[in-house]
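To keep things clear, I will list the structure first and then write my remarks on it.
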Amino acid sequence: MANKFGIIPLGEWSKVQVSPFVISGPCSAEGEEQVFNTVREIVKHAGGKVHLLRAGIWKPRTRPNSFEGVGEIGLPWIKAAGNEAGLPVTVEVANPEHVEAALKNKIDVLWIGARTTVSPFAVQEIADSLKGVDVPVLIKNPINPDLELWIGAVERFYQSGIKKLAVIHRGFSSYEKTIYRNPPMWEIPIELRRRFPEIPIIVDPSHMGGTRDLIYTLSQQAMDMGFDGLMIESHINPDKAWSDAKQQVTPERLGEILSSLIVRHPTVTQNGLQPLDDLRARIDRIDDYILELLGERMGISEKIGEVKKENQLAIHQSERWAQIVKRALEKGKTGGLTEEFILKLFQQIHNESIRHQSSIMDIP
Ligand code: PEP
Ligand code: MN
């Protein structure tokens, strides 16, 4: 049964009621043996904990002349390995020809890669090719941190009649060097959940981390945030993988990771929890106070705007701004707040303050 938004819940179409819903398998299908052996090892080490098998058949690569996937020939391998394991299978599709080949080979679930989600034309073409087809679709976030584009892709499939939908959060590309291949920017899937609570969110720690050492921590963070599932790349011999070698784990390691995850309750049940209710009431009071103070601060900013206007001073005074940041960083440190947080917070406050002053100064 579809919920009030029309999306059919993950538990219903996958028949998997436990959390997390786990997808695993190699980044790419490389050969029949590699696919079968990987799947057999997954069953051996993580049987019962993995619910959908993956293998990339067509690989979108950043640079040409890398391994671009085995193509259609690999579809029967993953399907047969899934049959043997008694598990459904999923592959990435990037155009209507891929869709046709996947459906012909009875692939159970399709996924849309991050490089496809960025292109509304490509997404629309795939969505159109699925009209009248009852197949679940998992939509990875676009490579750039653009929530609207991600939601737009979900809407395109939904409007094509696909109601078995979930998204995969695989992190976002960033120009800055970080410890992640694709920084998680958790605030984006959190905002997606706030706006569309009915869309299941599966986290892909493999493409987020880019290295196998980060997979466990990122998976646990996904659980801590109450997301619904995990997509973890696993390979029979990760170091020899033809794509994404650094981030794949052996099926044995996959089993260990899944067994050590702490899965928490998504919401407070029944009558609430007294200590939590009390603490939340305190947080609400503090939030109200913060908002009142910010309002007051903006009022003062406007007064400053009037003084600057009379004296023909520029709104932005860089020494003053440097002084504000310096003070805030020092004060924040004593309260246990990180520099990154303080800087982001004050940049936002400063932007809002500039908006208020502009509204005063730009009136002739
Ligand atoms: C993949 O899952 O192997 C893949 C290509 O991922 P993404 O689209 O997230 O880069
Ligand atoms: Mn990959």
Side-chain angles (χ1 to χ4, degrees), residues 21-30 34-35 38 42 50 52-64 66-71 74-75 78 89-95 98-99 102 107 109-119 122-123 126 136-147 149-150 153-154 157 166-174 180-185 188-189 192 201-212 214-215 218-219 222 227 229-251 253-254:
F21 175 82
V22 179
I23 308 168
S24 193
C27 176
S28 305
E30 298 163 7
Q34 172 252 6
V35 171
T38 304
I42 289 176
V50 171
L52 177 62
L53 296 167
R54 63 156 280 156
I57 298 292
W58 300 280
K59 301 301 297 178
R61 305 310 297 274
T62 306
R63 306 278 298 270
S66 326
F67 169 61
E68 296 201 313
V70 292
L75 292 169
I78 182 69
V89 300
T90 183
V91 303
E92 173 176 348
V93 291
N95 60 42
H98 295 168
V99 169
I107 299 301
V109 175
L110 306 177
W111 100 72
I112 308 300
R115 288 161 194 77
T116 305
T117 310
V118 287
S119 163
V123 170
I126 302 170
V137 177
L138 313 176
I139 305 165
K140 287 203 170 194
N141 61 261
I143 44 182
N144 55 322
D146 185 339
L147 178 57
L149 198 53
W150 198 4
V154 174
F157 283 98
V167 298
I168 302 177
H169 170 222
R170 47 77 82 194
F172 300 88
S173 159
S174 107
Y180 305 107
R181 177 178 175 193
N182 293 293
M185 303 186 192
I188 296 178
L192 176 67
I201 300 179
I202 294 164
V203 174
D204 171 347
S206 307
H207 292 86
M208 229 174 234
T211 139
R212 59 184 78 106
L214 288 170
I215 310 252
L218 286 167
S219 302
F227 292 139
L230 296 167
M231 182 191 244
I232 302 179
E233 287 182 339
S234 59
H235 190 287
I236 193 85
N237 189 354
D239 285 329
K240 292 273 149 53
W242 296 359
S243 58
D244 290 348
K246 286 205 203 86
Q247 71 193 34
Q248 302 204 56
V249 293
T250 59
R253 178 67 191 136
L254 172 77

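We number each residue from 1, following the sequence as shown. Both ligands and their constituent atoms are indexed starting at 1 by order of listing.
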- [ ] Measure from the Mn ion (ligand 2) to every N/O/S atom of D244 and report the name of the nearest one.
- [x] OD2

Task: Of all N/O/S atoms in E233, the name of the one nearest the Mn ion (ligand 2) - done: OE2

Open item on the list: Distance check, rounded to the nearest 0.5 Å: S174 atom OG versus I143 atom CD1?
Closed with: 12.0 Å

Open item on the list: A side-chain contact here means heavy atoms from C-beta on lying under 4.5 Å apart; do V109 and L138 qualify?
Closed with: yes

Open item on the list: In terms of relative ring orientation, are W58 and H98 parallel, tilted or perpendicular, with 30° and 60° separating the classes?
Closed with: parallel

- [ ] Kindly compute the distance separating CZ (R181) from OG (S206), expressed to the nearest 0.5 Å.
- [x] 9.5 Å

Task: Side-chain heavy atoms of E233 within contact of H207, under 4.5 Å - done: yes

Task: Salt-bridge present (R212, D239; N to O < 4.0 Å) - done: yes

Could you list each nitrogen or oxygen of ligand 1 that sits under 3.5 Å from a protein nitrogen or oxygen, with the atom names and the distance?
{"from": "ligand 1", "atom 1": "2 (O)", "to": "R54", "atom 2": "NH1", "distance (Å)": "2.7"}
{"from": "ligand 1", "atom 1": "2 (O)", "to": "R54", "atom 2": "NH2", "distance (Å)": "3.4"}
{"from": "ligand 1", "atom 1": "2 (O)", "to": "K140", "atom 2": "NZ", "distance (Å)": "2.9"}
{"from": "ligand 1", "atom 1": "3 (O)", "to": "R54", "atom 2": "NH2", "distance (Å)": "2.9"}
{"from": "ligand 1", "atom 1": "3 (O)", "to": "K59", "atom 2": "NZ", "distance (Å)": "2.8"}
{"from": "ligand 1", "atom 1": "3 (O)", "to": "H207", "atom 2": "NE2", "distance (Å)": "3.2"}
{"from": "ligand 1", "atom 1": "3 (O)", "to": "E233", "atom 2": "OE2", "distance (Å)": "3.2"}
{"from": "ligand 1", "atom 1": "6 (O)", "to": "K140", "atom 2": "NZ", "distance (Å)": "2.9"}
{"from": "ligand 1", "atom 1": "6 (O)", "to": "H207", "atom 2": "NE2", "distance (Å)": "3.4"}
{"from": "ligand 1", "atom 1": "8 (O)", "to": "A114", "atom 2": "N", "distance (Å)": "2.8"}
{"from": "ligand 1", "atom 1": "9 (O)", "to": "K140", "atom 2": "NZ", "distance (Å)": "2.8"}
{"from": "ligand 1", "atom 1": "9 (O)", "to": "R170", "atom 2": "NE", "distance (Å)": "2.7"}
{"from": "ligand 1", "atom 1": "10 (O)", "to": "R115", "atom 2": "NH1", "distance (Å)": "2.8"}
{"from": "ligand 1", "atom 1": "10 (O)", "to": "R170", "atom 2": "NH2", "distance (Å)": "2.8"}

- [ ] Could you tell me the separation between the CG atom of D204 and the CD1 atom of I23, rounded to the nearest 0.5 Å?
- [x] 8.5 Å

